[in-house]
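Heads up, the thing below is written out as structure tokens.
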Number of protein chains: 2
Amino acid sequence: MARTNSDSGLDVTGLPIGVVARDLGLSQDLLRKWEARYGFPEPGRNAHGERVYPQAQVDRLRLIKRLLDAGLRPAHVVPQGDAALRALINEQAPPSLPAEDGPIEPMFDLLREHDVPALEARLQAELLRGGLEAFVRDVAIPMTEAVGRAWSQGELDVFEEHIYTEAIGRLLRNGIAEVSHARGRPRVVLTTLPDERHGLGLLFVAAMLSQRGARCLSLGTEMPIPEIARVVRVMHADIVGLSFSSVYPHRLIGATLRELRGQLGEGPEIWAGGGGVANLQHSVRLRGVRLFTSIDDAQVALTRWSEVQAQG
Amino acid sequence: MARTNSDSGLDVTGLPIGVVARDLGLSQDLLRKWEARYGFPEPGRNAHGERVYPQAQVDRLRLIKRLLDAGLRPAHVVPQGDAALRALINEQAPPSLPAEDGPIEPMFDLLREHDVPALEARLQAELLRGGLEAFVRDVAIPMTEAVGRAWSQGELDVFEEHIYTEAIGRLLRNGIAEVSHARGRPRVVLTTLPDERHGLGLLFVAAMLSQRGARCLSLGTEMPIPEIARVVRVMHADIVGLSFSSVYPHRLIGATLRELRGQLGEGPEIWAGGGGVANLQHSVRLRGVRLFTSIDDAQVALTRWSEVQAQG
DNA sequence: ACTTCACTTTGTCCAGGACAGATGCAGACC
DNA sequence: GGTCTGCATCTGTCCTGGACAAAGTGAAGT
């Protein structure tokens, strides 16, 4: 005599729209519009007529979000079934796995075994072995990419990603603190704009630049634009470094960078990087903003900055 | 022949509703409802008929938000003018200023002068002088409260608060790493729920408990409830420590804690603390959840936990 | 190739309404 | 006095259905 939810005419197992929107990083309005325009998602309703999203639909939405972040268009993606979505993802992903004999693989295993002390020790050892710059290039960045990929494919839990972020963040901050000069040049302010919560990229850049004599001030994430302008003024910064992950809405990058450019005045340079910038249409050309697609670009730019300063 | 915005019949200087809502931590729906119910805010409209909030109204909304976070009711607060709001805030605030001869005052000055290296050095010295536990109780917590108070009164910029957070966070994480035992008991998982981005409190607790032999795993902020349950299961944690700042919506604390309690099963304890818990109505009694109003409660609870374990 | 321009797509905002859960208060009861 | 109970009010979130600007697309013209 089992009585399931579907027997009652109501699908009451699932998550409310507010939770789904927050977890996916989409607005409630947008979820409703997709439902009206593309027929998906198609949540059940609770006794009060409110949308209730089954877990399966939330999972599919996560795949959709990932493809949209990679630059595909909603009409091509949102109506697709699970199989088609996975096929699209396989097309997208360059299957550049980390070398099996490299340092990434064993650390990844430690993370999956949740052996936090061992993971931290291993990372620390790698840092000491090759120095900060090599550590960032050969360990931190590939490992972060591997973790991100594994997470988005459901092979890694959210908490495992958090464990990694905590560990690598602590190491990098300490590394930066050790090599940082109190009076170096240029002075670089590093942060992200509102709605961008991923700050690891900033640490990579801060490590690279600090190692080479720049004086980096890391402000963490989600700094309002007027506030960035104020810091730059107060601290007499030469450069503002911004990071955009691929989750950051593409359409906003151009507009917000222009806004910041306007508020900063002529002097300070703006350097922007991260996955969101790499996905950007090249049509977005911004005067007075340098776009980086790789961490090496930042080093090149730093060298050039120093040369120009020496000449001027 | 100056032509101001008001001449044109449109008030076009200000922020759109989306930005205001995000910056204040309020929903767009709520801003519109306040406007309809209480007559405030009363934004201008741009050429397209969209709300445009002048800076002055955003500032007043910030005062309002602060009073609501302290537990006042919207009908008493939202319609008030600036003067009345400031009066209410003065009633609220216990003017417990830091002792002038204590360690807080000079560090606060360093922060206001943006002398980051000196601030970090000073904090480091305090940590070495008295040890981790005294540092947390006598320096980190009072300083954090002072910074928060100064920020909410507009005496400190957002970026100055971020600078402080970065500095104190790095010190605490290192301190925790140094005293942490790989095999201590109890095992504590520390995190915050979604929508709660303030994680400093977790570091305070982690420092206290690690110092006394517990094994703390700090997962950072905004961990979904099912994910917390998974960590606890995988890591065989004895205790889940949660932090709620006063910004976290009070109404949600009870419901989410009950939800977590249900998903955790019988074994693990739940400890919750932070400004949000302190403001909570005592009517919210939760079985199987321990509420802390002070950092000392955590220490007491740890001692008691160890006793019970020894007996059992 | 490279602009121009009309057309389509897409995310956000709007109005006004409904309602559940919390909060506060008056009165009953111990 | 203290505590409970029921009721009215308050308050945040969700609903529908519509409008529109900015970004993206593609075809035609230079």
Side-chain angles (χ1 to χ4, degrees), chain A residues 12 14-22 24-38 40 43-53 64-65 67-69 71-79 195 248-256 258-259 279-285, chain B residues 12 14-22 24-38 40 43-53 64-65 67-69 71-79 195 248-256 258-259 279-285:
Chain A
V12 291
L15 303 170
I17 192 170
V19 173
V20 175
R22 176 168 44 61
L24 291 167
L26 302 168
S27 74
Q28 299 187 18
D29 274 337
L30 191 50
L31 286 173
R32 295 196 197 99
K33 279 290 177 252
W34 282 359
E35 185 180 337
R37 287 174 180 159
Y38 311 117
F40 185 87
R45 300 289 177 133
N46 65 13
H48 180 41
E50 297 173 335
R51 290 174 176 78
V52 169
Y53 293 82
I64 290 169
K65 179 64 165 31
L67 287 164
L68 294 184
D69 290 341
L72 298 202
R73 306 205 58 181
H76 299 348
V77 174
V78 181
D195 271 351
Y248 191 86
H250 306 118
R251 329 173 276 105
L252 293 184
I253 296 183
T256 46
R258 262 188 293 272
E259 169 74 13
N279 286 343
L280 213 57
Q281 309 291 338
H282 68 288
S283 67
V284 183
R285 240 176 277 149
Chain B
V12 292
L15 302 170
I17 191 170
V19 173
V20 175
R22 176 169 44 62
L24 291 168
L26 303 168
S27 73
Q28 300 186 17
D29 273 337
L30 191 51
L31 286 173
R32 296 197 196 98
K33 281 292 178 242
W34 282 359
E35 184 180 337
R37 286 174 181 159
Y38 311 117
F40 185 88
R45 300 291 177 134
N46 64 14
H48 180 41
E50 296 174 336
R51 290 174 177 79
V52 169
Y53 293 82
I64 290 169
K65 179 64 167 29
L67 287 165
L68 294 184
D69 290 341
L72 298 203
R73 306 205 57 181
H76 300 347
V77 174
V78 181
D195 272 350
Y248 192 86
H250 307 117
R251 339 173 265 104
L252 293 183
I253 295 183
T256 47
R258 262 188 292 273
E259 169 73 13
N279 286 344
L280 213 56
Q281 309 291 339
H282 68 287
S283 65
V284 184
R285 240 176 277 150

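Within every chain, numbering begins at 1; the chains are lettered A, B, ... in the order of the sequence lines, protein sequences first and strands thereafter. These numbers come from the heavy atoms of this one structure, side chains and all, not from hydrogens, waters or symmetry mates.
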Whether [X] contacts [N] is assessed here as follows: a side-chain N or O lying under 4.0 Å from the phosphate OP1 or OP2. Is that the case?
X        : N       : answer
Arg73(A) : dT25(D) : yes
Trp34(B) : dT11(D) : no
Gln28(B) : dT12(C) : no
Tyr38(A) : dT10(C) : yes
Arg45(B) : dA15(C) : yes

Criterion side-chain contact (heavy atoms from CB on, under 4.5 Å) on Arg22(A) and Asp195(B), from CA distance to verdict:
CA-CA 8 Å; Arg22(A) 176 168 44 61; Asp195(B) 272 350; 2.8 Å; yes

Could you tell me how far apart [X] ([atom1]) and [N] ([atom2]) are, to the nearest whole angstrom?
X         : N       : atom1 : atom2 : value
Arg32(A)  : dT10(C) : CZ    : C1'   : 16 Å
His250(A) : dA22(D) : NE2   : C1'   : 16 Å
Leu252(A) : dG11(C) : CG    : C1'   : 10 Å
Asp195(B) : dG12(D) : CG    : P     : 15 Å
Leu15(A)  : dT13(D) : CG    : P     : 17 Å
Leu31(B)  : dC14(C) : CG    : P     : 10 Å
Leu68(A)  : dA23(D) : CG    : C1'   : 15 Å
Glu35(B)  : dG12(D) : CD    : P     : 15 Å

Work out which heavy atom in Ser27(A) is nearest to a heavy atom in Ala21(A); give both atom names and the distance.
C-CB, 4.1 Å

In terms of the nearest nucleotide of DNA chain D, which residue is placed more toward the 5' end: Asp29(A) or Ser27(B)?
Ser27(B)

If you find the nucleotide of DNA chain D closest to Ala75(B) and the one closest to Arg251(A), which residue's nucleotide is nearer the 5' end?
Ala75(B)

Should the pair Lys65(A)-Asp69(A) be classified as a salt bridge under the 4.0 Å nitrogen-to-oxygen rule?
yes

Assess whether one donor atom and one acceptor atom, taken from the side chain of Arg37(A) and the base of dG11(C), lie less than 3.5 Å apart.
yes

Base, sugar-phosphate or nothing for Arg51(B)? Non-hydrogen atoms, less than 4.0 Å.
sugar-phosphate

Closest-nucleotide 5' rank along DNA chain C - winner of Val19(B) and His48(A):
Val19(B)

What I'd like to find out is whether the side chain of Val19(A) reaches to under 4.5 Å of the side chain of Tyr53(A), using heavy atoms alone.
no

Tell me if a side-chain donor or acceptor on His250(A) pairs with a main-chain N or O of Gly71(A) at a distance below 3.5 Å.
no

